Engineer: 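Structure incoming, see below.
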Amino acid sequence: MNFELTSEQQAMRDAVRVTVERELQPILSGHDEQDILPKEQYLKLLGVLARHRLTAPRLPVAAGGAGLTMLDYGIVFEQLPPQIGMNLLSHEGCVARIYMECSASQKARLLPDLIAARKIGCTGSTEPDTGSDPRGVKTRLVREGGALRLYGRKMWITNASVCDVMIVTCLDARTDKRNGDVIKVLVEREKSPFESREIKTIGLQQGYLGEAVFDGCVVPEDNLIESKQGGTTILKQTWNVNRPLVGLQAVYLAQEAFDIALEYSKLRKAFGKVIAGHQLIQKNLSDMATAIQASRLLCYSALAQVDRGAPAEGASAMAKRFAQNSCEKVVWEAMNILGALGLSSEARLERMYRDARMLSIPDGTNELLALIHARELTGVAAFRDARPSQSAATDH
Ligand SMILES: Cc1cc2nc3c(=O)[nH]c(=O)nc-3n(C[C@H](O)[C@H](O)[C@H](O)COP(=O)(O)OP(=O)(O)OC[C@H]3O[C@@H](n4cnc5c(N)ncnc54)[C@H](O)[C@@H]3O)c2cc1C
């Protein structure tokens with residue numbers, strides 16, 4: 001076991017840090033912090049990430065991807081501001097799913113533009129009436145007069161308002177026999193237009209989170225996804241990776257907040273000395289640094305487990321939940337260390353606090369993650385008894 005990054009990992013991490021500083025942060029800073037980026041700016045941003053092959057980190061090099069291990073991807077992903085990371089995760093998650101689940105012709109048609117960041121992708125599972133329980137989806141694919149049509153709404157979908165391609169989870173209602181099977185279809189916006197809207201939220205406000213409405217949206221027959229992969233394989237390569245990645249977004253925020261608090265504590269004086277010299281401040285700084293390092297290592301360890309092919313459902317759930325909880329505590333404590341200044345938008349901590357709050361929900365709420373972890377510990381499922389194979393690809 002080696003806790004040091006290799007020289008290659010350090011080089012990758014440093015290269016992405018420089019890119020963030022020189023190319024990505026200026027795009028974010030050039031726009032209102034509380035409003036979504038214009039789509040052309042987002043495409044520019046994705047274009048920069050595409051240069052680092054981060055629009056397809058999970059694909060092998062031969063398929064146009066970066067061929068990264070998931071641990072290496074995590075190390076790099078941790079360097080990205082969460083306003084970027086969350087939307088990248090949606091985009092590259094769509095790329096990974098198309099690569100894993102789609103036919104050769106679907107891949108050939110869609111992947112080049114998505115990988116090159118000429119088009120934007122996302123995945124729509126959550127609906128107004130169901131989120132944690134994907135088997136509750138109501139969106140239906142029906143056959144009407146020879147055409148396949150999609151009816152339903154997808155809600156809280158990252159990239160929904162700007163996407164060109166959405167992988168939509170829905171019920172197959174093409175025939176009575178199939179009624180109720182959960183399937184996925186590719187909705188290409190140019191061919192199958194649909195309405196969408198942005199939803200204003202507490203944090204990550206430069207990114208996109210919205211609703212898509214499919215009101216008889218015509219979907220070409222060859223956009224059905226006939227996945228050959230089993231649910232377990234997809235689970236390993238999506239949820240088990242996404243959760244520690246979201247955890248690393250929490251680590252990014254916590255580290256940023258900690259750095260601000262540490263710096264401030266060495267400058268601010270109270271009762272005749274810098275506050276860094278007061279014992280309670282030192283204890284708080286120690287707690288914060290411990291929580292950040294523990295979060296980072298849990299996330300790295302879960303990703304390394306995925307790379308080794310070891311069961312990682314519990315580890316990835318534990319990592320994300322711990323990192324998100326820790327992040328909220330660290331940012332809160334950092335705000336305290338700055339006193340009244342910590343509450344001002346000038347100090348940037350209040351934005352981090354709002355952004356951190358967003359991370360507790362996607363890719364499994366903290367409650368669901370605890371249940372997933374405990375299911376592995378106990379062997380008893382508290383939230384679902386049986387796991388029929390038809391739904392396994394969408395299950396937690
Ligand atoms: C920033 C962000 C990005 C997102 N991106 C996407 C995306 O790209 N694609 C997509 O499809 N969705 C996306 N989502 C939606 C997200 O996946 C869902 O919001 C999430 O799964 C929770 O679903 P819900 O909001 O419907 O809450 P519900 O499932 O209705 O849960 C409500 C509450 O009940 C709790 N709960 C539910 N079941 C149990 C149980 N068995 N035991 C104990 N507590 C329980 C939950 O933890 C939660 O506190 C995103 C959400 C956010 C915030």
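What's counted below: heavy atoms across the whole structure, side chains too, no hydrogens, waters or symmetry copies. Indexing begins at 1, ligand by ligand and atom by atom, following the structure's order. Just so it is clear, the model here is predicted, and its values are computed rather than measured.
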Engineer: Ignoring hydrogens and geometry beyond distance, is a side-chain donor-acceptor pair present between E92 and T55 at under 3.5 Å?
Structural biologist: no
Engineer: May I ask you to decide whether R174 forms a salt bridge with D172, counting only side-chain N to carboxylate O separations under 4.0 Å?
Structural biologist: yes
Engineer: Would you mind running through ligand 1 and noting each atom that sits below 4.0 Å from a heavy atom of L368?
Structural biologist: 36 (N), 37 (C), 38 (N), 39 (C), 45 (C)
Engineer: Taking 4.0 Å as the limit for heavy-atom contacts, which would you say applies to T365 with ligand 1: side chain only, backbone only, both, or neither?
Structural biologist: side chain
Engineer: Does NZ or CZ of K107 fall inside the cone over Y99's six-membered ring, less than 6.0 Å from its centre and within 45° of the axis?
Structural biologist: yes
Engineer: In terms of atom number and element, which parts of ligand 1 are under 4.0 angstrom from non-hydrogen atoms of F383?
Structural biologist: 41 (N)
Engineer: Counting both backbone and side chain atoms, is some N or O of W156 under 3.5 Å from an N or O of ligand 1?
Structural biologist: yes
Engineer: Measuring centre to centre across the rings, with the benzene-like ring taken for any Trp, is Y252 within less than 6.0 Å of F77?
Structural biologist: no
Engineer: Here's one to test your reading of the geometry: is the NZ or CZ of R189 within 45 degrees of the ring axis of F194 and under 6.0 Å from its centre?
Structural biologist: yes
Engineer: Would T123 count as being in polar contact with ligand 1, using the rule that some N or O on each side must be under 3.5 angstrom apart?
Structural biologist: yes
Engineer: Does ligand 1 come near enough to S90 that some N or O of the ligand is less than 3.5 Å from an N or O of the residue?
Structural biologist: no
Engineer: Atom 11 (O) of ligand 1: which of P82, S125, A382 has the nearest heavy atom?
Structural biologist: S125
Engineer: Test your reading of the model: is there a side-chain donor-acceptor pair from Q9 to the backbone of T6, 3.5 Å cut-off?
Structural biologist: yes
Engineer: Are E333 and K329 within salt-bridge range, i.e. N to O under 4.0 Å?
Structural biologist: no
Engineer: State whether the shortest distance between N or O atoms of E367 and N or O atoms of ligand 1 falls below 3.5 angstrom.
Structural biologist: yes
Engineer: Using a strict cut-off of less than 4.0 Å between a Lys/Arg side-chain nitrogen and an Asp/Glu carboxylate oxygen, indicate whether K154 and E127 qualify as a salt bridge.
Structural biologist: yes
Engineer: Number the atoms of ligand 1 from 1 as they appear, then name those within less than 4.0 Å of a heavy atom of I157, with their elements.
Structural biologist: 7 (C), 9 (N), 10 (C), 11 (O), 12 (N)
Engineer: Which atoms from ligand 1 have a heavy atom of L209 less than 4.0 Å away?
Structural biologist: 2 (C), 3 (C), 4 (C)
Engineer: With a cut-off of 4.0 Å, which atoms of ligand 1 are near a heavy atom of L371?
Structural biologist: 40 (C), 41 (N), 42 (N)
